[in-house]
Amino acid sequence: GFFSVMAVYMCTRLCVNTTQLYLPFYLLHTLGLPASAIAQVPLTVYTFSFISSTTVRRVAGAFPSLGQMFTYGVGTGCTAVAAVVLLFLDASTAPVVFLAAAALGFGSSQLMVTSQTLVAELVGSDTHGAVVFGAMSCVDKVSTGLCIYIIQNMTLEQGAGGLGELYRHALVFVPLVSCCLALASLVFAVPRHIKLRRLEEEADLAQAAGGEDAQPSYFPTITGLNSF
């Protein structure tokens with residue numbers, strides 16, 4: 001369970017980190033937008049990330065049977081839609097990037113909330129949880145660093161005219177492959193007992209407190225903006 005949750009978290013962070021890093025380069029070098037777009041497009045991403053982070057708990061509460069696979073699948077789908085749009089944009093269709101940014105922000109928040117929830121469920125009430133969070137943070141930074149190192153080395157081999165396409169591919173394929181691998185790990189590798197342990201613990205606490213009718217939540221209180 002530890003390594004499968006680590007794979008989900010690492011791939012999720014790689015998706016979000018590379019998106020944040022290469023989106024400004026994509027706007028300037030690939031689409032040729034003015035410098036003001038560096039502020040406007042990320043603002044769109046963060047706005048829809050906030051909207052997503054406030055709705056994910058409501059959706060989980062309204063449809064508790066859907067669970068984390070549904071929310072992560074929604075996040076992966078939004079990210080995939082944004083990646084396809086970004087892949088085919090050019091200077092003449094550049095304004096459409098705001099729609100892609102909206103989908104990217106909504107999807108990224110769903111991915112981060114769900115992956116952080118998995119880590120919290122893995123730790124549970126274990127007093128040595130700091131080791132788990134430290135390991136997750138370590139693989140997150142190592143994987144992101146290696147990916148950026150490879151991409152930046154590739155930029156040295158490209159002429160000025162090839163940077164636009166390189167940044168396009170970095171922004172599209174790295175996040176898309178990462179979130180798909182994370183979804184596959186969540187579906188096929190994360191043990192079911194990890195997904196249910198938090199619910200059982202909350203039910204036991206509610207019963208001990210005399211709140212037998214209390215319903216456990218599927219998500220801890222995590223704000224999507226904290227992941228950016």
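The first residue in the sequence is number 1, and the count goes up from there.
- Here salt bridge (Lys or Arg N to Asp or Glu O under 4.0 Å) pairs that include residues 30-46, with residues two or more places apart or in two chains, number zero.
- Other residues sharing the hydrophobic cluster of L156, ordered by chain and number and joined by side-chain separations under 4.5 Å: none, the residue standing alone.
- A continuous path of ILVMFWY side-chain contacts below 4.5 Å connects F188 to L118, so both sit in one hydrophobic cluster.
- T18 places a side-chain N or O within donor-acceptor distance of the main-chain N or O of C15, the cut-off being under 3.5 Å.
- With sequence neighbours excluded, the residues satisfying side-chain contact (heavy atoms from CB on, under 4.5 Å) with V74 are F70, C78, F106.
- Contacts of Y72 classified as side chain to side chain donor-acceptor pair (under 3.5 Å), with partners at least two apart in sequence or in another chain: T12.
- Using a 4.5 Å heavy-atom cutoff, the side chains of S108 and V45 are not in contact.
- The distance from atom CG of L104 to atom OH of Y46, rounded to the nearest 0.5 Å, is 10.5 Å.
- I38 shares a hydrophobic cluster with L28; the chain of contacts runs through ILVMFWY side chains whose heavy atoms sit under 4.5 Å apart.
- Among residues two or more places apart in sequence or in another chain, the side-chain contact (heavy atoms from CB on, under 4.5 Å) test is passed with V84 by F88.
- Here the side chains of V113 and T71 are not in contact, with every heavy-atom distance at 4.5 Å or above.
- Here D140 contributes atom CG and F133 contributes atom CZ; the two are 13.5 Å apart, rounded to the nearest 0.5 Å.
- If you take CD1 on I148 and CG on L14, they are separated by 8.5 Å, rounding to the nearest 0.5 Å.
- Nearest heavy-atom pair across V85 and V96 is CG1-CG1, 4.0 Å.
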Name each donor-acceptor pair under 3.5 Å that joins a side chain in residues 168-181 to protein atoms two or more places apart or in another chain, with its distance.
unit_1 : atom_1 : unit_2 : atom_2 : d
R168   : NE     : E165   : OE1    : 3.3
R168   : NE     : E165   : OE2    : 3.3
R168   : NH1    : L86    : O      : 3.0
R168   : NH1    : L87    : O      : 2.9
R168   : NH1    : L89    : O      : 2.8
R168   : NH2    : L89    : O      : 3.0
R168   : NH2    : E165   : OE2    : 3.4
H169   : ND1    : E165   : O      : 3.4
S178   : OG     : V174   : O      : 2.7

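- For F3, the CZ atom counts as loosely surrounded, since its 6.0 Å shell holds 12 or fewer non-hydrogen atoms of other residues, nucleotides or ligands.
- Separation of atoms OG1 (T44) and CZ (F98) is listed at 5.5 Å; rounding is to 0.5 Å.
- In plain terms, the two heavy atoms of L27 and A37 that are nearest each other are CD1-O, 3.5 Å.
- With hydrophobic clusters built from ILVMFWY side chains whose heavy atoms lie under 4.5 angstrom apart, Y9 shares a cluster with M69.
- A side-chain donor-acceptor contact under 3.5 Å links N17 to the backbone of R13.
- Pairs engaging residues 88-101 under the side chain to side chain donor-acceptor pair (under 3.5 Å) rule: D90-S92, D90-T93 [sequence neighbours left out].
- Under the 4.5 Å side-chain heavy-atom criterion for Ile, Leu, Val, Met, Phe, Trp and Tyr, L99 and L31 are members of the same hydrophobic cluster.
- With sequence neighbours left out, Q152 forms a side chain to side chain donor-acceptor pair (under 3.5 Å) with Y22.
- Under a 4.5 Å side-chain heavy-atom criterion applied to ILVMFWY residues, the cluster that includes F48 comprises I51 as well.
- Evaluation of the side-chain contact (heavy atoms from CB on, under 4.5 Å) rule for S137 yields K141 as partners, not counting sequence neighbours.
- Remark: M10 engages V139, S143 in a side-chain contact (heavy atoms from CB on, under 4.5 Å) (not counting sequence neighbours).
- Closest approach of M112 and V16 over heavy atoms only: CG-CG2, 3.7 Å.
- Side chains of S52 and Q110: a donor on one and an acceptor on the other come within 3.5 Å.
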